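Working notes, structure below.
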Amino acid sequence: MAKYIFVTGGVLSSVGKGILTSSIGKMLQIRGLNPTVIKIDPYVNVDAGTMNPYMHGEVFVTDDGGETDLDLGWYERFLDLGLKQKNNLTTGLVYRSVIEKERRGDYLGRCVQIIPHITNEIKNRIRAVGRSNNADVILTEVGGTVGDIEGLPFLEAIRQMRIEEGFDNTLYVHVALVPLLDVTGELKTKPLQHSVNELRRIGIQPDIIVARSPYMIDIKTLRKIALFGTIPEEAVFCSYNAKSVYQVPVILNKQGMGDFICQRLGYNCIEKEHQYWLDFVNAVIKPKHEINIALVGKYAGLSDSYVSMKEALIHGGAKIDTQVCISYLESEKFEKDPQCINDLSKFDGVFIPYGFGSRGSEGKIEAINFARVNDTPFLGICYGFQLAVIEFARNVCGLKKANSCEIVTDSPHPVIDIMPEQRNIKSKGATMRLGAHKIVVKPGTMAYSLYKTENIYERHRHRFEVNLNYLKILKENGLIFSGKSADGRRMEILELPNHYFFFASQFHGEFKSRPGKPSPAYYGFIKACLSKKMGKAKPAFT
Ligand code: GLN
């Protein structure tokens, strides 16, 4: 029978619930258990796909094409899982299915209410995820902060689950900020106390409290938290600021959190060897080399907009003991002041991430041009791939006004065009080409030397693609499409053989990048940046 761990957060958002939940999963995994993770997002959107990354951070894409909250990315990276759309639950999703059932007449004349109909729907969905994954433990992170109006039905549902599943099979973990008051130099627990009270007010007494503080709490603070939280001192843990988020499971495990959880849930298991994780953490926090990357994007003001990309760069770097320092540059600045483009010469590599719409696209094209002409290592992802095709068409093939139909509708050379099946789609939610699709990699290319196999599966999220009418001219001028969809009609990877490292993909390798198992495209880029910086010959990736 599966057991349930629920994670709630207090005082403010961004307190680190996602990392904590992933870390709990890691501590269970290294004890031989098989956890799965659900993220609850109390907003009314059906999924994260329609939300602006500038406000909400990146949209994470699952293999089955779910457009989910970025926390699923953290769970996948920490636990090396392939989660599904169903692992993300939102108010919109829950209400939509209850309303559909009501319209069908499933509730047989009854008045449909938050309790029990909405709460039952939530509980059923949580249990179904556990069943379909054959999980021992279902970890559920409740997004937002305790006390938010929109979170209430979810908290009520997890409160009921204790009654239905039993005390021994359920565990509530509450994490809250313990700030440092700089005038007195003290760590203050009062906000945490209030958030615990807020949780109790709705009938949930936490079993474990995690203090999120700038440094390790002292014993006096720990005792205070235990006393006011009505829990034993052994049930208080501290997640303090660390150099890397990948240290958090190690920190909490050292404090005994993994053993405490297992004992409390009645698991008799011992910690297994997990040297690979410790080695990875070491490579991240004590790197031997350093490279500087310019990430030229449209949402550069919020690094969470590119979190999976940032992490994939870190994973790639760790494999060769290299710290990757990323500067987030607004592409529009290259449009406003063309001289700025020369600033890119300070960097070891140019990275163009995903993107949508026309704003800043010309600046990105300028940055790609800089990298191509100056032999600077370049990696482009999705929009970055499409804009690299445009840059090449304009400046190498001589198609001066080449563009994407996403940017201008009347280009004489629409080298990037809408996919035919997308043409008549009006609705924005979940309608892009999404999720994992097969890509066939051409032997003898750089892509093949990186991926070392012919068939790969990578995740997608796009509406536009390379226009096949321009393939001939692009190829004749030296652009190589080294990866294509299984039917050969979609261009998926491009490279320039005469360049030090010029590589772009229509797919998003970052979503499948893991600590110790970096995305080959990202790894290749980092390795090229480091080799170039050291004045070495172009890497062969053999
Ligand atoms: N806007 C482009 C498209 O829809 C690229 C999308 C992306 O970068 N994810 O095809």
Side-chain angles (χ1 to χ4, degrees), residues 5 7 16-37 71-83 136-137 139 141 173 175 208 210-217 234 237-263 267-291 307-308 310-326 510-520 522-523 526-527 530:
I5 299 178
V7 179
K17 292 189 301 292
I19 300 297
L20 173 65
T21 307
S22 309
S23 301
I24 295 174
K26 193 84 217 159
M27 289 185 274
L28 298 173
Q29 238 180 19
I30 62 170
R31 287 171 173 76
L33 294 166
N34 173 30
T36 189
V37 198
D71 275 322
L72 270 82
W74 286 117
Y75 311 153
E76 287 208 355
R77 287 188 279 276
F78 271 60
L79 306 175
D80 194 11
L81 296 175
L83 297 172
D136 308 313
V137 182
L139 265 157
E141 175 189 343
V173 180
V175 54
I208 287 178
V210 178
R212 177 71 188 89
S213 59
Y215 49 81
M216 182 67 198
I217 50 172
E234 303 74 62
F237 300 95
C238 176
S239 174
Y240 51 86
N241 288 1
K243 209 165 166 192
S244 157
V245 289
Y246 299 105
Q247 287 171 276
V248 177
V250 182
I251 288 170
L252 293 170
N253 199 44
K254 266 202 191 124
Q255 292 173 28
M257 190 171 180
D259 290 335
F260 183 89
I261 291 176
C262 286
Q263 267 165 25
Y267 288 117
N268 186 13
C269 40
I270 43 167
E271 201 177 300
K272 295 196 301 190
E273 195 268 329
H274 54 281
Q275 194 56 40
Y276 83 98
W277 188 267
L278 304 176
D279 289 346
F280 168 75
V281 169
N282 239 356
V284 173
I285 61 175
K286 292 185 199 134
K288 293 198 184 88
H289 317 283
E290 186 186 290
I291 56 163
V307 57
S308 289
K310 172 178 166 237
E311 295 306 315
L313 292 167
I314 291 174
H315 302 163
K319 191 166 169 175
I320 43 172
D321 289 308
T322 301
Q323 180 176 5
V324 183
C325 305
I326 307 169
E510 67 276 10
F511 293 138
K512 283 174 70 172
S513 182
R514 307 280 183 259
K517 286 193 263 174
S519 156
Y522 282 76
Y523 164 70
I526 299 297
K527 178 138 193 206
L530 183 65

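Numbers for residues simply follow the sequence, beginning at 1. These numbers were taken from a predicted model, which means no experiment stands behind them.
- In this structure, Phe260 and Gln255 have side chains that are not in contact, with every pair of non-hydrogen atoms separated by 4.5 Å or more.
- Interatomic distance, CE of Met27 versus CG of Leu33, reported as 12.0 Å (0.5 Å rounding).
- Between Trp277 and Phe78, the ring-plane angle classifies as tilted under the 30° and 60° cut-offs.
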Side chains of residues 316-326: which donor-acceptor pairs under 3.5 Å do they make with residues two or more places apart or in other chains?
unit_1: Asp321; atom_1: OD2; unit_2: Lys288; atom_2: NZ; d: 3.4
unit_1: Thr322; atom_1: OG1; unit_2: Ile320; atom_2: O; d: 2.8

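- A distance-only check finds a donor-acceptor pair linking the side chain of Asp136 to the backbone of Asn34 [under 3.5 Å].
- When all heavy atoms are compared, the tightest approach of Pro35 to Leu81 is O-CD1, 3.8 Å.
- Distance CG/Leu28 to CD1/Ile261: 6.0 Å, rounded to 0.5 Å.
- To the nearest 0.5 Å, the span separating OG on Ser23 from OH on Tyr75 amounts to 11.0 Å.
- Between Met257 and Val210 there is a side-chain heavy-atom pair separated by less than 4.5 Å.
- Annotation: side chain to side chain contact (heavy atoms under 4.5 Å, CB included) contacts of Asp279 (sequence neighbours excluded): Gln275.
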Candidate pair Val248 and Leu20, rule side-chain contact (heavy atoms from CB on, under 4.5 Å), full reasoning:
CA-CA 7 Å; Val248 177; Leu20 173 65; 5.6 Å; no
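- No option in Arg77, Lys512, Glu76 other than Arg77 meets the side chain to side chain donor-acceptor pair (under 3.5 Å) test with Ser308.
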If you apply the rule salt bridge (Lys or Arg N to Asp or Glu O under 4.0 Å), what do you find for Glu510 with Lys310, and how did you get there?
CA-CA 8 Å; Glu510 67 276 10; Lys310 172 178 166 237; over 6 Å; no
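- The minimum heavy-atom distance linking Leu139 with Thr21 is given by the pair CD1-O, 3.7 Å.
- A distance of 11.5 Å separates CG of Leu83 from CG of Asp71, quoted to the nearest 0.5 Å.
- Counting heavy atoms from C-beta outward, Glu311 and Trp74 have side chains that approach closer than 4.5 Å.
- Here the CZ-CD distance, from Arg31 to Glu271, works out to 4.5 Å after rounding to the nearest 0.5 Å.
- The minimum heavy-atom distance linking Ala242 with Gln247 is given by the pair CB-OE1, 3.5 Å.
- Among all heavy-atom pairs drawn from Cys269 and Cys262, the shortest one is SG-SG, 3.7 Å.
- Lys517 places none of its side-chain heavy atoms less than 4.5 Å from the side chain of Tyr276.
- Around the CG atom of Asn241, the shell of radius 6.0 Å holds more than 12 heavy atoms that belong to other residues, nucleotides or ligands.
- Although no hydrogens or angles enter the test, the distance criterion places no donor-acceptor pair under 3.5 Å between the side chain of Lys26 and the main chain of Pro249.
- Although no hydrogens or angles enter the test, the distance criterion places no donor-acceptor pair under 3.5 Å between the side chain of Ser519 and the main chain of Ser513.
- Looking at Arg212 and Ile19, their side chains never come closer than 4.5 Å, going by heavy atoms from C-beta outward.
- How far NE2 of His274 is from CG of Asn253: 6.0 Å, rounded to the nearest 0.5 Å.
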